[in-house]
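Notes to accompany the following structure.
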Amino acid sequence: MAAKVDYKVIVGLEIHVHLATRTKMFCGCELVYGGSPNSRVCPVCLGMPGSLPVMNKQAYEFAVLTAMALNCEIARFTKWDRKGYYYPDLPKNYQISQYDLPLSHDGFIEIPLEDGSIKRVGIIRAHLEEDAGKNTHELGNFSAVDLNRAGAPLLEIVTAPDMNSASEVRQMAQELQRIVRYLGISEADMQKGHMRFEPNVNLHINKDGQTYKTAICEIKNLNSFRAIERSVEYEVHRQLDEFLETGRTMQIGNKRTYGWDDVNQTTVLQREKEEAHDYRYFPEPDLVPVEMDEAWFEQIKSRLGELPLQKQKRFVGEYGLSNYDASVLTADKATAEYFEKVVQAGADAKRTCNLITQTGQKLANQNNTTVDKLGISPQNLAKLAQMADKGQISATAAAQIFEKMSQQNADPEQIAKADNLLQNSDAGAIEAIVDQVLAENVDAVQEIVSKGKKAGKAQGFLMGQVIQKSKGQANPKVVAEILSRKLAQISS
Amino acid sequence: MLQGLNAIQLRNNIRDGQITSREAVEWTLERIANLDPGIGAYLSVFADKAMDQARVVDAKIAAGKPVGPLAGMPIAIKDNMCYVEGLTTCGSKILANFKPPYNAHAVEKLLAADAVIVGKTNMDEFAMGSSTENSGLQKTVNPWDTSRVPGGSSGGSAAAMAAGMCFAALGTDTGGSIRQPASLCGIVGLKPTYGRISRYGLVAYGSSLDQIGPLTSCVEDAALLLGVLAGHDERDSTSVDERMAPVPDYLGELGKPIDELKIAIVPELIDKAEASVRDAAKAALELYKKFGATLVEVQMPHFDYSIAAYYVIATAEASSNLARYDGCHYGYRSPHAHDYIEVYSKSRAEGFGAEVKRRIMLGTFALSSGYYDAYYLKALKVRNLIRQDYTNAFAKADCLMMPVAPTTAFKLGEKTDDPLQMYLADVYTIAVNLAGVPGVSIPCGFDEKRLPIGLQIIGPAFSEDKLLRIGRMFESKTDYHKQRPTLQG
């Protein structure tokens with residue numbers, strides 16, 4: 001058995017985010033996913049002879065907005081470059097991208113970790129480029145190219161190698177998703193390929209007083225957060241095993257590319273050596289440089305709004321919520337804003353949080369929507385919260401009323417009355433029922449008074465009898481109080 | 001009947017009902033049928049479509065409806081501008097079957113002005129060349145001497161004009177490709193300022209240098225065509241905002257001479273041309289002096305580096321622009337390919353001609369990692385210095401004059417084995433493209449073999465109106481532009 005190995009995991013990410021603009025990056029084709037192959041194309045995104053690109057200003061603004069949210073320096077002068085390589089999904093055999101003057105650089109993202117701490121990950125650069133099309137090889141003895149996606153605007157984000165565990169990588173990805181959704185610049189659905197994460201993983205291994213660095217491996221084909229975490233975990237163990245067996249370390253040019261096999265939950269070698277790519281970058285002569293003046297910069301900045309982590313921290317401070325509750329509420333912007341409207345309408349924050357995160361999100365998930373779109377006005381939900389707080393309804397009844405409200409957005413009090421869900425907290429009336437139950441169940445009372453083995457069970461039975469006799473309307477808290485007082489009187 | 005009419009005269013006759021557009025088109029088509037087998041100017045002729053267009057114009061005129069400034073006029077366009085009619089080949093086998101699904105901006109402008117497009121003209125493959133001998137599809141000869149080249153790369157357009165097989169033609173100019181064939185064919189050729197005419201739909205060679213322009217029988221016609229073509233187009237990001245550079249009425253003050261005209265010259269540049277060209281240029285300058293112009297000697301210290309800088313920048317851009325011709329999506333695909341790498345390599349090896357391959361390799365090399373700074377970046381710096389040379393010259397004078405080409409039309413095959421000699425044919429024109437400024441070639445004489453000679457007038461950016469006025473001054477006192485070769489059909 002080998003001695004325990006001391007090592008550190010080093011991960012950086014290359015990220016591509018599809019921007020949800022109205023049209024493609026350099027032409028007027030509407031940006032709609034799907035459609036029959038090669039139906040959403042024009043001479044420009046097909047790379048037809050004579051066609052010319054025109055920059056999509058909305059895409060540029062979306063990219064700058066995201067870079068601002070990632071605390072990046074925003075370049076006031078940028079240009080476009082051609083990156084040359086031959087591949088059938090790339091109609092011009094060059095990609096319009098940004099090489100030495102990206103639109104932003106040197107930022108960071110703060111990630112709330114599950115233990116409540118904050119992890120900061122550096123952003124090296126974020127720039128815009130056009131996406132390629134898609135090759136398929138499953139149609140027969142030939143390959144086919146679908147260029148519907150060609151020319152879609154892509155934001156490429158490169159992080160510093162600041163992540164030190166698989167779970168940090170996954171949480172970084174989730175936080176980025178939360179940010180871009182807050183900004184409304186991308187649907188950020190990993191399954192649909194709106195966001196692509198490519199972790200670059202290696203290890204720093206301490207052995208015999210020396211530090212060994214394993215060869216960097218890039219992982220591709222990750223289409224879920226789970227796959228990100230699993231693949232990095234897998235790669236960490238694979239690299240450790242490989243090092244212990246072969247002593248293989250990082251050398252110039254021995255970076256490898258692995259694909260993630262989701263079925264077998266393993267990484268699969270795709271490319272052994274880093275190919276000596278020469279992209280022959282040069283400035284794109286068909287586009288003019290982009291110059292950003294103060295007015296444009298400020299105009300974009302004004303759209304930034306409160307970012308999710310800021311909101312989460314504020315919810316903890318302002319509403320006294322737990323960090324966990326705050327993170328659940330701020331997972332999407334619409335839910336967070338709905339929560340605040342309900343609280344502003346007079347509801348208790350914690351009660352509102354419970355209603356939303358327990359009942360509300362379950363209903364929302366069932367309807368494939370968010371809580372704010374269940375058709376319940378913040379005023380009505382606030383009223384429901386208040387009724388629960390005052391003990392007018394039980395927690396179970398509150399959930400039932402919540403569900404009814406999502407069907408008809410009626411006043412919760414009317415629903416409670418109509419469905420007989422109002423609780424009785426009238427001590428006098430409840431006392432009368434308690435007395436009746438005690439008189440009818442002498443054996444149970446005896447068991448309690450004599451502190452028998454089944455005393456606890458007997459008290460529960462009496463509770464149930466009272467609630468049942470009240471047709472479920474007696475407030476359990478009041479019943480428990482009166483019942484305990486009466487039993488104590490009998491005992492003494 | 002129509003011989004000797006310039007475009008404006010023809011247009012006026014059509015508009016006034018003295019002749020129909022149909023008659024003009026029929027006359028032109030007949031002339032093409034008779035003469036072009038011996039010239040080879042046209043790659044395609046759209047007889048039926050042209051007659052349809054002519055009928056539409058005639059009907060408008062008959063109905064008293066307003067017509068465009070090119071009403072009914074038979075025009076030829078170089079085969080690197082996309083036109084939904086027929087094919088757009090760029091003179092290349094790789095695009096020999098390419099049918100574009102859209103019209104170039106310049107073509108749209110012509111059609112909107114009621115022009116009739118009679119056909120598309122031959123050119124050096126992808127506009128790379130100075131003699132049209134690099135066409136992968138056809139040979140074109142000079143109507144003044146059919147053993148000689150028409151110049152290039154817009155040699156088909158120039159030859160069609162000189163032979164009277166159209167009334168105006170469009171060409172493109174990346175390093176002299178309008179001005180040099182215009183000079184060699186004895187007609188007027190205008191390369192406008194970079195950004196004046198949209199490049200949308202022009203198949204790119206060197207994107208930062210390419211510019212569309214007219215080839216015409218006189219300066220007045222060039223002014224008419226430029227007025228139709230110039231202006232902003234949102235589909236070309238490099239097309240100039242008209243708030244920065246409004247499009248003037250080029251015809252408006254065309255006849256008005258420039259008072260106290262100052263002409264910059266670089267004497268040693270003029271002296272470098274062959275004797276007949278040098279003497280014609282000097283004689284032209286003498287005539288301008290008689291108009292009251294003064295000559296100002298200037299220095300162009302970086303002029304000698306223009307060919308070197310051009311062949312780095314243009315080929316670098318071309319290597320990238322031509323990457324798309326890969327046999328995958330359109331154009332020629334090799335029948336001998338077995339996998340996609342072979343689709344690329346064989347389609348390109350079989351589809352491109354030698355000069356295109358040479359330039360793709362040059363450009364690829366110049367952009368390669370480790371060489372970029374030494375070649376491409378340095379060429380960009382030289383380009384800036386050349387621009388500065390022009391700015392300095394224009395600070396002292398209204399325009400700069402020099403020959404268009406160092407020689408008159410040379411023999412077919414004379415330079416095909418020596419690319420460097422061929423490149424030198426553009427020695428006077430290339431720097432203008434690097435600087436992005438406008439230049440016009442006007443006929444200024446003939447050599448002892450009765451081959452035409454051109455004079456080049458160069459001005460600051462967006463000074464086309466002034467350049468054309470300066471050209472018109474010369475034209476109004478000479479008849480070189482009216483002379484035409486004797487042709488046997």
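Letters A, B, ... are given to chains in the order of the sequence lines, protein chains preceding strands, and every chain is numbered from 1.
- With respect to the salt-bridge test (charged N to carboxylate O, under 4.0 angstrom), the residues E298(A) and K301(A) do not qualify.
- Between chain B and the options G50(A), P283(A), P43(A), the largest number of non-hydrogen pairs under 4.5 Å is found for G50(A).
- Interface residue N321(B): backbone and side-chain heavy atoms are both found under 4.5 Å from chain A.
- Using bins of under 30°, 30° to 60° and over 60° for the plane-to-plane angle, the ring pair Y344(B)/Y340(B) lands in the perpendicular bin.
- Residue contact with chain B, scored on non-hydrogen atoms closer than 4.5 Å, involves the backbone of Y281(A) exclusively.
- Of the listed residues S208(B), C328(B), C82(B), G201(B), the one with more heavy-atom pairs under 4.5 angstrom with chain A than any other is G201(B).
- If you measure heavy-atom distances from T364(B) to chain A, the contacts under 4.5 Å come from both the backbone and the side chain.
- With salt bridges taken as basic N to acidic carboxylate O contacts below 4.0 Å, none links E156(A) and R125(A).
- The contact between P88(A) and chain B is made by backbone and side chain atoms together, counting heavy-atom distances below 4.5 Å.
- Contact of P100(B) with chain A is not made at all, since no heavy-atom distance falls under 4.5 Å.
- The backbone N or O of Y200(B) sits nowhere less than 3.5 Å from a side-chain atom of R235(B) that would complete a donor-acceptor pair.
- Of the listed residues (A204(B), S369(B), S320(B)), the one with the most heavy-atom contacts under 4.5 Å to chain A is S320(B).
- A316(B) touches chain A through its backbone: at least one of N, CA, C or O sits under 4.5 Å from a heavy atom, while the side chain does not.
- For Y371(B), no part lies under 4.5 angstrom from a heavy atom of chain A.
- Contact annotation for Y94(A): only side-chain heavy atoms (C-beta onward) come within less than 4.5 Å of a heavy atom of chain B.
- Looking at residues two or more places apart in sequence or on another chain, you find a salt bridge (Lys or Arg N to Asp or Glu O under 4.0 Å) between D79(B) and K120(B).
- Between F26(A) and W80(A), the two ring planes are perpendicular [angle over 60°; tilted spans 30° to 60°].
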Inset, instruction - Let me see the working for I360(B) and R348(B) under side-chain contact (heavy atoms from CB on, under 4.5 Å), right down to the final yes or no. - result: CA-CA 11 Å; I360(B) 289 173; R348(B) 289 167 71 80; 3.8 Å; yes
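- Both tests do not hold together for K357(B) against F352(B): distance to the six-membered ring centre under 6.0 Å, angle to the ring axis within 45°.
- Counting heavy-atom pairs under 4.5 Å between each of C27(A), C42(A), S51(A), G28(A) and chain B puts S51(A) at the top.
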